[in-house]
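Contents: one structure, followed by commentary.
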Number of protein chains: 2
Amino acid sequence: MDDKFKLENQLCFRLYTASRLLTQAYHPLLGEHGLTYPQYLVLLVLWEKDEQPVNDIAKRLLLETNTVTPLLKRMEAEDIVTRSKGQEDARQMIVKLTKKGRGLQKKLTDVPETVGNAVICESVTPETVPGLFVMLDDIIKQLKQ
Amino acid sequence: MDDKFKLENQLCFRLYTASRLLTQAYHPLLGEHGLTYPQYLVLLVLWEKDEQPVNDIAKRLLLETNTVTPLLKRMEAEDIVTRSKGQEDARQMIVKLTKKGRGLQKKLTDVPETVGNAVICESVTPETVPGLFVMLDDIIKQLKQ
DNA sequence: TATATTTGCATCGTGAACGATATAAATAAC
DNA sequence: GTTATTTATATCGTTCACGATGCAAATATA
């Protein structure tokens with residue numbers, strides 16, 4: 001009885017574990033450059049579009065500003081980004097890549113492929129990944145409300 | 001150029017986000033009983049088999065003991081589990097459910113279904129979830145080494 | 001049996017996550 | 001134009017995660 005409580009029947013535990021383990025796979029690659037995985041996510045956002053307010057970065061990553069603000073301060077301390085008051089709206093804090101922050105893109109050029117290769121296995125291949133993306137995107141969309 | 005750095009092409013970001021959002025979905029249901037999601041996972045493990053050493057619980061959840069130990073201490077403080085030195089091996093710390101810990105199973109009986117329903121959507125249905133489980137299990141197995 | 005190694009757990013420090021709350025600037029309502 | 005509300009960000013407290021390290025009990029080795 002109570003198979004519903006079995007760990008093997010839990011979607012959330014699988015997501016939680018897969019997320020942690022895959023983040024761990026990034027660790028040696030990013031740590032070499034003094035980065036954490038959430039900091040790497042901020043870089044992905046800024047590499048796509050530089051000079052964004054805190055709020056835009058947080059929304060893109062589906063995080064709260066109270067998570068992102070301290071993270072950005074650490075990145076500022078490491079000279080990866082600058083933070084400066086917005087011109088038109090003084091409430092905003094505009095985050096901008098430094099030369100070092102932009103330069104990290106080249107240094108991390110092999111990271112996506114390295115990590116991508118690490119997860120390739122029986123049921124997870126270039127052919128099946130798009131289907132996995134659809135399901136995860138649906139779950140995220142659903143839970144965002 | 002550099003589509004490989006686009007957030008939309010990242011498996012890890014999807015897992016990370018889906019995991020966080022699904023954990024958030026548990027929050028109101030568990031918080032009502034003073035539980036966090038990782039504490040709920042410990043309960044799932046102990047409900048399956050009571051009286052386990054810290055190490056067995058940690059291994060089951062693929063966590064380190066330095067994560068699990070403080071978590072168990074909080075659960076002990078909340079009178080959900082007891083922790084006592086092992087008889088045959090004095091290094092072990094045996095974790096056992098209290099009456100309250102066992103009783104929580106009945107109180108949380110609706111949680112799996114409630115959360116399960118919350119993720120049902122277009123591409124995630126009782127028919128497609130098993131396929132998703134296979135892929136996530138493969139990823140976990142692969143990353144465990 | 002004395003010493004070395006392994007094992008199980010704990011402590012410490014750092015960096016997320018996140019709920020709750022605070023503050024100042026911008027905007028809306030009166 | 002003054003007051004009320006919303007918005008953008010920050011601060012605070014608690015709980016994970018997790019690498020690094022410490023310590024005592026158990027086991028292996030000499």
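In what follows, every chain begins at residue 1, and chains take the letters A, B, ... in the order their sequences are listed.
- Listed for the Arg60(B) side chain is no donor-acceptor partner under 3.5 Å among the backbone atoms of Leu7(A).
- Going from atom CG of Leu63(B) over to atom P of dG19(D) covers 11 Å, rounded to whole Å.
- Nearest-nucleotide positions on DNA chain D place Gln39(B) closer to the 5' end than the other of Asn66(B) and Gln39(B).
- Counting heavy atoms from C-beta on, the side chains of Thr109(A) and Lys4(B) come closer than 4.5 Å.
- Across the protein-nucleic acid pair, Leu30(B) atom CG and dC18(C) atom P stand 14 Å apart, rounded to whole Å.
- The distance from atom CD1 of Ile57(A) to atom P of dA10(D) is 11 Å, rounded to the nearest whole Å.
- If you take OH of Tyr26(B) and P of dG19(C), they are 17 Å apart, rounded to a whole angstrom.
- Between Gln24(A) and dC18(D), a side-chain N or O to OP1/OP2 separation shorter than 4.0 Å is present.
- Taking the side chain as every heavy atom from C-beta outward, His33(A) and Glu78(A) never approach each other to under 4.5 Å.
- Taking the side chain of Arg20(B) as heavy atoms from C-beta on, and the options dA17(C), dC9(C), dA26(C), the nearest nucleotide is dA17(C).
- Checking side-chain atoms of Trp47(A) against main-chain N and O of Lys6(B) turns up no donor-acceptor pair under 3.5 Å.
- With distances taken from any side-chain atom of Met93(A) to the nucleotides dA10(D), dA17(C), dC9(C), the minimum falls on dA10(D).
- Here dA25(D) is the nucleotide among dA25(D), dA10(D), dA10(C) with the atom lying nearest to any side-chain atom of Ala90(B).
- Contact between the side-chain N/O atoms of Tyr16(B) and the OP1/OP2 oxygens of dA16(C) is not found at any separation under 4.0 Å.
- Atom CG in Leu143(A) sits roughly 17 Å away from atom C1' in dA17(C) (whole-Å rounding).
- Counting non-hydrogen atoms under 4.0 angstrom, Thr67(A) reaches a base of the nucleic acid.
- Heavy-atom distances to DNA chain D give each of Glu78(B) and Asp89(A) a nearest nucleotide, and the one nearer the 5′ end belongs to Asp89(A).
- Which of dT11(D), dC9(C), dT11(C) sits closest to the side chain of Lys73(A) comes down to dT11(D).
- Of the listed nucleotides (dA17(D), dC9(C), dA10(C)), dC9(C) has the atom at the smallest distance from the side chain of Pro53(B).
- At the phosphate of dA10(D), OP1 or OP2 sits under 4.0 Å from a side-chain N or O atom of Thr69(A).
- For the side-chain contact (heavy atoms from CB on, under 4.5 Å) with Val95(B), the qualifying choice from Thr82(B), Val68(B), Val54(B) is Val54(B), the only one to do so.
- With rounding to whole Å, Leu61(A) atom CG is found 16 Å from dT9(D) atom C1'.
- Within the nucleic acid shown, Lys85(A) has no heavy atom closer than 4.0 Å to any nucleic acid atom.
- Dashed line: the shortest gap from a side-chain N or O of Arg74(A) to OP1 or OP2 of dT14(C) is not under 4.0 Å.
- Taking 3.5 Å as the limit, the base of dT7(D) and the side chain of Arg91(A) contain a donor-acceptor pair of atoms between them.
- Within the nucleic acid shown, Pro70(A) has no heavy atom closer than 4.0 Å to any nucleic acid atom.
- To the nearest angstrom, C1' of dA8(D) lies 12 Å from CD of Glu64(A).
- Regarding Leu71(B), its CG atom lies at a distance of 12 Å from the P atom of dA10(C), rounded to whole Å.
- Here the rule is side-chain contact (heavy atoms from CB on, under 4.5 Å) with Leu46(B), and of Leu41(B), Ile57(B), Ile80(B) only Ile57(B) fits it.
- Within the nucleic acid shown, Thr36(A) comes within 4.0 Å of sugar-phosphate atoms alone, with no base atom in reach, counting heavy atoms only.
- Comparing Glu88(A) and Pro38(A) by the nucleotide of DNA chain C that holds the closest heavy atom to each, the one mapping nearer the 5' end is Pro38(A).
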